[in-house]
Q: 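Please find one structure pasted underneath; my questions will follow.
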Amino acid sequence: MKAYIEERAIEVANFIIKSNATVRETAKKFGISKSTVHMVFPFRVGVIM
């Protein structure tokens, strides 16, 4: 996995966990689509951990 993708996944996961944010809030914060948040969070975080 490319380093920048892994870093983004970690950032997204940390943001969701720390702020208890919704998918919509997370997408807005990172400038990505809701679909990308759904894809990045469970799949990539599971791969990283």
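Along the sequence shown, residues carry numbers from 1. Only this structure's heavy atoms are used, side chains among them; waters, hydrogens and symmetry mates stay out.
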Q: Please lay out, stage by stage, how Glu25 and Asn20 fare under the test side chain to side chain contact (heavy atoms under 4.5 Å, CB included).
A: CA-CA 10 Å; Glu25 292 167 339; Asn20 201 26; over 6 Å; no
Q: Evaluate side chain to side chain contact (heavy atoms under 4.5 Å, CB included) for Val12 paired with Lys29, printing each intermediate quantity in order.
A: CA-CA 9 Å; Val12 168; Lys29 163 95 169 114; over 6 Å; no
Q: Do Ile16 and Val37 have side chains that get closer than 4.5 Å, going by heavy atoms?
A: yes
Q: Do any pairs count as a ring-ring contact (aromatic ring centres under 6.0 Å, His included) and have a residue in residues 13-34, sequence neighbours left out, and if so which ones?
A: Phe15-Phe30
Q: Give, for atom OG1 of Thr26 and atom CD of Glu11, the distance between the pair rounded to the nearest 0.5 Å.
A: 12.0 Å
Q: Mind checking side chain to side chain contact (heavy atoms under 4.5 Å, CB included) for Lys34 and listing every partner two or more places apart, or none if nothing turns up?
A: Val23, Arg24, Ala27
Q: Does any non-hydrogen side-chain atom of Lys28 lie less than 4.5 Å from one of Thr22?
A: no
